[in-house]
Amino acid sequence: MQLCVDLHSHSGYAGGVGDIQLNDIVNTMSYKGIDVFGTGDCLYPKRTHELYQELKYDNNQLYRLKKDDKQSFLLQTEVIFSVKLEAYTHKIVAHHIIFFPNFKAIEQMSKLMNKWQQKNTIGRPFIVCRSQIELEDRLFEIQSIDSMIEIIPAHIMTPEGLMGGKNKLTSMKEFYGNFLPNIHAIETGLSADPAMLSKLDGINLLAMLSFSDCHSAALNRVGREFTVLECKDYSYASIIESIRQKRIIYTAEFNPAEGRYYLTGHRAGKNNHIEDTYFLNDAPHDLICPICNKKLIIGVRDRCKMLKQSCAPKQNFIHLIPLIDVLAYANGIKSVNSKRVITKYKEIIKHFATEINLWQSTDNIIENSLKEICSNDELYSIIAVKNQKFTYNPPGFDGLYGKLEINNKGVALCL
């Protein structure tokens with residue numbers, strides 16, 4: 001069976017995230033077509049208690065809301081590991097996603113945090129290691145809690161990712177040591193896709209997963225990236241097995257140019273910049289900004305060029321834009337919270353049941369279903385996005401998303 005999963009999110013306990021209710025997440029999941037969603041921040045004690053109170057066990061190591069059993073949750077958190085490696089003068093700091101099969105495993109992980117004297121006072125906790133050996137030992141201790149715990153490098157190529165520009169690692173082996181065989185997958189992140197990562201030695205051997213890393217329940221956040229898995233059944237164990245065996249049907253990805261760290265650059269207002277500075281072609285060799293003489297934020301595109309290349313078969317993927325963003329663009333409206341845009345979104349979903357069903361439909365079915373309820377600009381934009389006729393100008397850099405441009409004028413429809 002196919003399962004559509006979005007397994008990286010954050011709760012209201014993570015920095016920069018507002019209050020997020022699980023019932024709002026369930027509502028958005030039903031519109032988007034997401035079967036299983038990562039809870040976010042499940043290791044943080046207040047969040048653990050909240051999840052324990054609101055969720056019920058579903059006999060398959062997945063969870064559902066006690067008040068609504070339509071959608072499933074998987075216990076998940078993001079954890080930041082930092083370590084001092086002998087070959088580097090700076091600390092290596094890398095974000096990871098961890099999946100837990102049950103609350104007992106979370107309890108055991110919390111005990112390890114206490115044993116290591118690591119603080120667990122934020123939604124996205126740090127685990128600080130004094131050496132690569134200590135990091136390796138701690139990763140094995142986490143894995144020994146339960147063989148079905150899965151540890152995945154998050155948004156691997158962004159500045160905060162394992163192989164990102166801040167860390168400057170040359171291989172994953174440098175970080176994980178003997179634990180490396182227990183890493184089965186990576187998260188591509190919003191600024192990279194499987195086409196880029198399949199060229200990178202070592203990384204290209206792993207399953208490539210795409211999740212939203214969302215910080216709200218909004219229609220343009222939940223499921224903005226997702227993964228479709230081939231699973232034996234509807235269970236936690238089957239999801240983990242599919243990841244470990246690379247049974248990925250496809251991922252839905254941001255076009256990397258939309259991601260906030262695609263290009264190398266500095267945004268306006270930073271380090272006395274008057275205007276944005278970014279490099280569409282190669283960045284300066286010394287990676288020094290010509291405006292402020294400070295180190296540039298290395299973009300994912302340039303970071304990939306720095307790493308050892310070794311092509312492997314590409315994993316299936318598509319580039320997508322959330323439908324609510326497409327409708328806002330077509331109507332010249334900046335806010336996706338516009339009542340007009342949300343109303344039109346819900347009208348469209350009535351015809352397709354879920355947003356994913358819409359994107360999987362043929363052009364003719366989309367035309368025939370929507371021509372009576374959508375304007376030409378709306379319909380042209382939806383068809384254009386489905387056929388990958390969109391771009392970003394400028395692309396994303398230094399924390400800024402790329403600016404969307406949809407080629408909705410060159411789409412031929414039979415209306």
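For Y236 (side chain) and N102 (main-chain N/O), no donor-acceptor pair under 3.5 Å exists by modelled atom type. Q118 places a side-chain N or O within 3.5 Å of a backbone atom of V128 that can act as its donor or acceptor partner. Of the possible polar contacts, none joining the Q71 side chain to the D35 backbone as a donor-acceptor pair under 3.5 Å is found. Side-chain atoms of N357 come within 3.5 Å of backbone N or O of F352 as a donor-acceptor pair. Without hydrogens or angle criteria, R244 side chain to I183 main chain gives no donor-acceptor distance under 3.5 Å. Judged purely by atom type and a 3.5 angstrom limit, E134 uses its side chain to pair as donor or acceptor with the backbone of R130. A donor-acceptor contact shorter than 3.5 Å links the side chain of E174 to the backbone of T170. Distance alone, capped at 3.5 Å, places no donor-acceptor pair between the Q2 side chain and the V228 backbone. N60 places a side-chain N or O within donor-acceptor distance of the main-chain N or O of L62, the cut-off being under 3.5 Å. Checked by atom type and distance alone, the side chain of D276 pairs as donor or acceptor with a backbone atom of A268 at under 3.5 Å.
Side chains of S198 and N204: a donor-acceptor N/O pair is absent below 3.5 angstrom, by distance only. Between the side chains of E150 and H184, at least one donor N or O lies within less than 3.5 Å of an accepting N or O. Side-chain contact annotation: N167 with H90, donor-acceptor N/O pair under 3.5 Å absent.
Proximity of L197 to M157: side-chain heavy atoms (C-beta onward) are separated by under 4.5 Å at one or more points. Within the 4.5 Å cutoff, the side chain of F100 has heavy atoms near those of the T77 side chain. Inter-residue side-chain proximity for L404 and I406 is flagged as met; some heavy-atom pair is nearer than 4.5 Å. The shortest distance between side-chain heavy atoms of P153 and M172 falls below 4.5 Å. Residues L190 and H155 are not in side-chain contact: their nearest non-hydrogen atoms beyond the backbone lie 4.5 Å or more apart. Contact annotation: the side chain of S9 never approaches that of D213 to less than 4.5 Å [non-hydrogen atoms, C-beta and beyond]. N182 has its side chain out of reach of I151: every pair of non-hydrogen atoms, C-beta onward, lies at least 4.5 Å apart. Looking at heavy atoms from C-beta onward, F397 lies out of side-chain contact with Y262 at the 4.5 angstrom threshold.
Both the sub-6.0 Å distance and the 45° axial angle are satisfied by R64 relative to the ring of Y234.
Screening L7, L162, I97, T158 against E187 for a side chain to side chain contact (heavy atoms under 4.5 Å, CB included) leaves a single residue, I97.
Atom NE2 of residue H96 and atom CZ of residue F81 lie 6.0 Å apart, to the nearest 0.5 angstrom. The CD atom of E107 sits 4.5 Å away from atom NZ of K111, with the distance rounded to the nearest 0.5 Å. Between the OG atom in S191 and the CE atom in M196 there is a gap of 8.0 Å [rounded to 0.5 Å]. From I383, atom CD1 reaches atom OG1 of T362 across 8.5 Å, with rounding to the nearest 0.5 Å. Here the CD1 atom belonging to I133 is positioned 13.0 Å from the CZ atom belonging to R138, to the nearest 0.5 angstrom. Atoms CD1 and CD1, from I186 and I152 in turn, are 9.5 Å apart once rounded to the nearest 0.5 Å.
Between S216 and R221, the closest heavy-atom pair is OG-CG, 3.4 Å. Residues T264 and G299 share a closest heavy-atom pair of OG1-N, 2.8 Å. Residues H95 and E160 approach most closely at CD2-O, 3.2 Å, considering heavy atoms.
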Problem - Working for side chain to side chain donor-acceptor pair (under 3.5 Å), residues E355 and Y345 - result: CA-CA 9 Å; E355 185 175 327; Y345 178 93; 2.8 Å; yes
message: As a quick check of understanding, evaluate salt bridge (charged side-chain N to carboxylate O under 4.0 Å, His left out) for E54 and K66, giving each step before the final call.
response: CA-CA 6 Å; E54 295 189 35; K66 292 178 179 178; over 6 Å; no
Open item on the list: Please determine whether side-chain contact (heavy atoms from CB on, under 4.5 Å) holds for the pair L112 and I127, giving the CA-CA distance in whole Å, both sets of side-chain angles, and the decisive distance to 0.1 Å.
Closed with: CA-CA 10 Å; L112 284 182; I127 297 178; over 6 Å; no
### Task
For side-chain contact (heavy atoms from CB on, under 4.5 Å), just list the numbers for L74 and V5, CA-CA rounded to whole Å, side-chain angles, deciding distance to a tenth of an Å, and then say yes or no.
CA-CA 10 Å; L74 179 150; V5 301; over 6 Å; no
side-chain contact (heavy atoms from CB on, under 4.5 Å) between H266 and I297, intermediate numbers included: CA-CA 7 Å; H266 272 166; I297 302 300; 4.2 Å; yes
Report the C-alpha separation of F103 and Y52 in whole Å, then their side-chain angles, then the decisive distance to 0.1 Å, and conclude whether the ring-ring contact (aromatic ring centres under 6.0 Å, His included) test is met. CA-CA 8 Å; F103 284 100; Y52 189 79; 5.3 Å; yes
D377 and N331: side chain to side chain donor-acceptor pair (under 3.5 Å), yes or no, with the steps?
CA-CA 7 Å; D377 280 346; N331 286 284; over 6 Å; no
How far apart are the C-alpha atoms of R124 and D41, what are their side-chain angles, what is the distance that settles it, and do they pass the salt bridge (charged side-chain N to carboxylate O under 4.0 Å, His left out) test? CA-CA 6 Å; R124 191 193 284 110; D41 307 337; over 6 Å; no
Give the intermediate values and the outcome of salt bridge (charged side-chain N to carboxylate O under 4.0 Å, His left out) for residues R47 and E50.
CA-CA 5 Å; R47 178 63 166 173; E50 183 177 281; 2.5 Å; yes
Kindly indicate, with the supporting measurements, whether the criterion side-chain contact (heavy atoms from CB on, under 4.5 Å) is fulfilled by S310 and L200. CA-CA 5 Å; S310 176; L200 304 182; over 6 Å; no
Are D398 and R267 close enough, and set up right, to give a salt bridge (charged side-chain N to carboxylate O under 4.0 Å, His left out), and what steps lead you there?
CA-CA 6 Å; D398 194 13; R267 62 182 182 271; 3.3 Å; yes
Test side chain to side chain donor-acceptor pair (under 3.5 Å) applied to Q76 and H8, step by step: CA-CA 7 Å; Q76 164 266 324; H8 183 185; 4.5 Å; no
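The pair K305-D282 meets the salt-bridge criterion, with a side-chain N (NZ, NE, NH1 or NH2) lying under 4.0 Å from an Asp/Glu carboxylate O.
Residues that satisfy the salt bridge (Lys or Arg N to Asp or Glu O under 4.0 Å) test with E378, not counting sequence neighbours, are K344.
Note: Y13 and Y44 have tilted aromatic rings, judged against thresholds of 30 and 60 degrees for the angle between ring planes.
When the shell of 6.0 Å around CD of Q53 is examined, it contains more than 12 heavy atoms from other residues, nucleotides or ligands. Enclosure of atom NZ in K56 by more than 12 non-hydrogen atoms of other residues, nucleotides or ligands within 6.0 angstrom is indicated.
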Pairs of donor and acceptor atoms involving the side chains of residues 253-261, under 3.5 Å and at least two apart or interchain, shall be tabulated with distances.
{"from": "E253", "atom 1": "OE1", "to": "T188", "atom 2": "OG1", "distance (Å)": "2.8"}
{"from": "E253", "atom 1": "OE1", "to": "S210", "atom 2": "OG", "distance (Å)": "3.3"}
{"from": "E253", "atom 1": "OE2", "to": "T251", "atom 2": "OG1", "distance (Å)": "2.6"}
{"from": "N255", "atom 1": "OD1", "to": "A257", "atom 2": "N", "distance (Å)": "3.0"}
{"from": "E258", "atom 1": "OE1", "to": "Y392", "atom 2": "OH", "distance (Å)": "2.7"}

